[in-house]
Amino acid sequence: MESVDAGGEVRHWSAEVNGISLHVAEQGPAAGPAVLLLHGFPELWLSWRHQMAALAARGFRALAIDLRGYGDSSAPTDPAAYTILHLVGDAVALLDHLRIPKVFVVGHDLGAQVAWHLCLLRPDRVRAVVVLGVPYFPRAPRPATEIFAAFGDGFYITQFQEPGRAEKAFARYDVATVLKKFYSIELDSITAPPGVEIIDFLEASSSSPLPWMTDEELGQYAEKFQKSGFTGPLNYYRMMDTNWRLTAPWHGAKIMVPAKFIAGEKDTGFESFGTKRYVESGGLKSNVPDLEVAIIEGHHYLQQEQAERVNTEILSFLDKFSEN
């Protein structure tokens, strides 16, 4: 595994928390201020390798987990085990396990949703949050699948809803190709034409390796997904409507934790669904009052593609709290 001089080796261990086994990759001094890193789809703790090294070198204790369903963490078969309450519960249980009263949180993509909801549900456990790619959206007036139905059957989240459908389509390719197809996305919309599965529509980058990932690193990802499969990760999407029902008590609630939102200007998700307008018009700040925003060059997998810039953005924000 990768290591850096100042931050030491990456240490791997598992914690039995919240009814599952959670794999943790740790780097930096155990006595340093803790930073919990939450990856997105379809990734692993490894997506934070550059940030872990930078945080460790600055004296932070970087804790990057494989979210449930991923990598070396437990992957329950029941889709109902992947609600936002389970995911936030995993994070809180890990903090309790480590006796960490308050933590810095960094989240990307689906891990961003977990990070925002950790702030929403347990603000007492979060010192500050940095979120990449996915802003906090207040709870919608109706369930996600009703809203996404407007995009048609080709929309990726719609295709992910039916148990087994995406898994069957993914299985037509080797795992590394499936991952590379997602990592290569530079589309305006992740929507396949009628009658086409999203994985068939996506094109893997012709550049090998990807500009921001070595073939060896892609192989590390592929090895873990080969073992654990895609059902756990896809179950996150299958719980979107359930999450909408579960979060009814927080309808209209704002996130009061100090926050920084970082987006890549060419990120498909940032450019679609009115996200860019929502962030730049002040909509996000109305829901997250203590907010900083940084729009930087890059696409969706920002912490790997623009590692040094993202490290600078994270560290400059966390430095404001280091005396506390």
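- Within 6.0 Å of atom CD in E297, 12 or fewer heavy atoms from other residues, nucleotides or ligands are found, so the atom counts as exposed in its surroundings.
- Proximity of V17 to V92: side-chain heavy atoms (C-beta onward) are nowhere separated by under 4.5 Å.
- By the criterion of side-chain heavy atoms lying less than 4.5 angstrom apart, applied directly or through intervening Ile, Leu, Val, Met, Phe, Trp or Tyr residues, I147 is not grouped with Y236; the two fall into different hydrophobic clusters.
- Hydrophobic clustering (side-chain heavy atoms under 4.5 Å, transitive across Ile, Leu, Val, Met, Phe, Trp, Tyr) groups V257 together with W250.
- Looking only at distances, no side-chain donor or acceptor of S47 sits under 3.5 Å from a matching main-chain atom of E43.
- Within a 6.0 Å radius of CD in E280, more than 12 heavy atoms belonging to other residues, nucleotides or ligands are found.
- Between the side chain of Q27 and the backbone N or O of G8 there is at least one donor-acceptor pair closer than 3.5 Å.
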Residues K260, E313; criterion salt bridge (Lys or Arg N to Asp or Glu O under 4.0 Å); working and verdict: CA-CA 9 Å; K260 182 168 188 170; E313 295 287 350; 2.7 Å; yes
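- Residues T145 and D241 bring a donor and an acceptor atom of their side chains to less than 3.5 Å of each other.
- No salt bridge links K181 with E197; every basic N to acidic carboxylate O contact stays at or beyond 4.0 Å.
- Between V24 and the options D72, L98, L63, a side chain to side chain contact (heavy atoms under 4.5 Å, CB included) holds for only L63.
- Using a cut-off of 4.0 Å between Lys/Arg side-chain N and Asp/Glu carboxylate O, D66 and K224 are scored as not salt-bridged.
- Taking the centre and axis of the six-membered ring of W244, the NZ or CZ atom of R139 falls inside the cone set by 45° and 6.0 Å.
- Heavy-atom contacts from other residues, nucleotides or ligands closer than 6.0 Å to NZ of K285 number more than 12.
- Under the 4.5 Å side-chain criterion, counting only non-hydrogen atoms from C-beta, E305 is not in contact with P211.
- Note: the hydrophobic cluster containing I20 also contains L234 (ILVMFWY, side chain heavy atoms under 4.5 Å, direct or indirect links).
- When the side chains of ILVMFWY residues are joined at heavy-atom separations under 4.5 Å, either directly or via intervening members, Y221 and V175 end up in a single hydrophobic cluster.
- Contact detail for P42 and Y70: the closest heavy-atom pair is CA-CE2, 4.2 Å.
- Across every non-hydrogen atom of I198 and G154, the tightest pair is CD1-O, 3.7 Å.
- Taking the side chain as every heavy atom from C-beta outward, L284 and L291 approach each other to under 4.5 Å.
- Scanning both residues, H300 and D109, for their nearest heavy atoms gives NE2-OD1, 2.9 Å.
- When atom types are taken as modelled, the side chain of E167 and the backbone of P163 share no donor-acceptor pair closer than 3.5 angstrom.
- Looking at heavy atoms from C-beta onward, V106 lies in side-chain contact with V35 at the 4.5 angstrom threshold.
- Ring centroid separation for the pair F151 and F273 comes in under the 6.0 Å cut-off.
- Rounding to the nearest 0.5 angstrom, the gap separating the CD1 atom in I65 from the CG atom in L37 is 9.5 Å.
- Just one residue in the list F201, Y237, F160, F148 forms a ring pair (Phe, Tyr, Trp, His ring centres under 6.0 Å) with F155, and that residue is F148.
- Within the structure, every pair that satisfies the side-chain hydrogen bond (donor to acceptor under 3.5 Å, both in side chains) test and touches residues 75-84, not counting sequence neighbours, is listed here: T83-H86.
- The six-membered or imidazole ring of H23 lies near that of H12, with a centre-to-centre distance under 6.0 Å.
- Y278 places a side-chain N or O within donor-acceptor distance of the main-chain N or O of Y136, the cut-off being under 3.5 Å.
- Judged by distance alone, with hydrogens and angles left aside, the side-chain atoms of Q51 form a donor-acceptor pair with the main-chain N or O of Q303 at under 3.5 Å.
- A donor-acceptor pair under 3.5 Å is absent between the side-chain atoms of D90 and the main chain of L22, judged by distance alone.
- With hydrogens and angles disregarded, a donor-acceptor distance shorter than 3.5 Å links the side chain of T214 to the backbone of E217.
- Among residue pairs with one or both ends in residues 93-103, those qualifying as salt bridge (charged side-chain N to carboxylate O under 4.0 Å, His left out) are D96-R125; sequence neighbours excluded.
- Judged by distance alone, the side chain of H39 and the main-chain N or O of L67 form a donor-acceptor pair under 3.5 Å.
- No side-chain heavy atom of R122 sits less than 4.5 Å from a side-chain heavy atom of H117.
- Scanning all heavy atoms of the two residues, the minimum distance from I255 to P289 falls at O-CD, 3.2 Å.
- Ion pairing of E271 with K276 is absent here, as no side-chain N (NZ or NE/NH1/NH2) approaches a carboxylate O to less than 4.0 Å.
- Across every non-hydrogen atom of V10 and A25, the tightest pair is CG1-CB, 3.9 Å.
- With hydrogens and angles ignored, the 3.5 Å screen pairs a side-chain donor or acceptor of T312 with a backbone N or O of E308.
- Between E223 and K227 there is no salt bridge, since no side-chain nitrogen of the basic residue lies less than 4.0 Å from a carboxylate oxygen of the acidic one.
- The local environment of NZ in K168 is sparse, with at most 12 non-hydrogen atoms from other residues, nucleotides or ligands closer than 6.0 Å.
- Annotation: the span from D319 atom CG to I314 atom CD1 amounts to 11.5 Å, rounded to 0.5 Å.
- Judged by distance alone, the side chain of D174 and the main-chain N or O of T177 form a donor-acceptor pair under 3.5 Å.
- Note that CD of Q306 and OH of Y301 are 15.5 Å apart. Values are rounded to the nearest 0.5 Å.
- Nearest heavy atom pair, residue R238 against residue R165, reads NH2-N, 4.5 Å.
- Looking only at side-chain heavy atoms (C-beta outward), P123 and V126 stay at 4.5 Å or farther from each other.
- Expressed to the nearest 0.5 Å, how far CZ of F261 lies from CD1 of I295 amounts to 6.0 Å.
- Residue V134 is not grouped with residue V288 when hydrophobic side chains (ILVMFWY) are merged at heavy-atom distances under 4.5 angstrom, including chains of intermediate members.
- Atom CG of L202 and atom CD1 of I185 lie 4.5 Å apart (nearest 0.5 Å).
- In this structure, the separation between OG on S74 and CZ on R68 is 8.0 Å, given to the nearest 0.5 Å.
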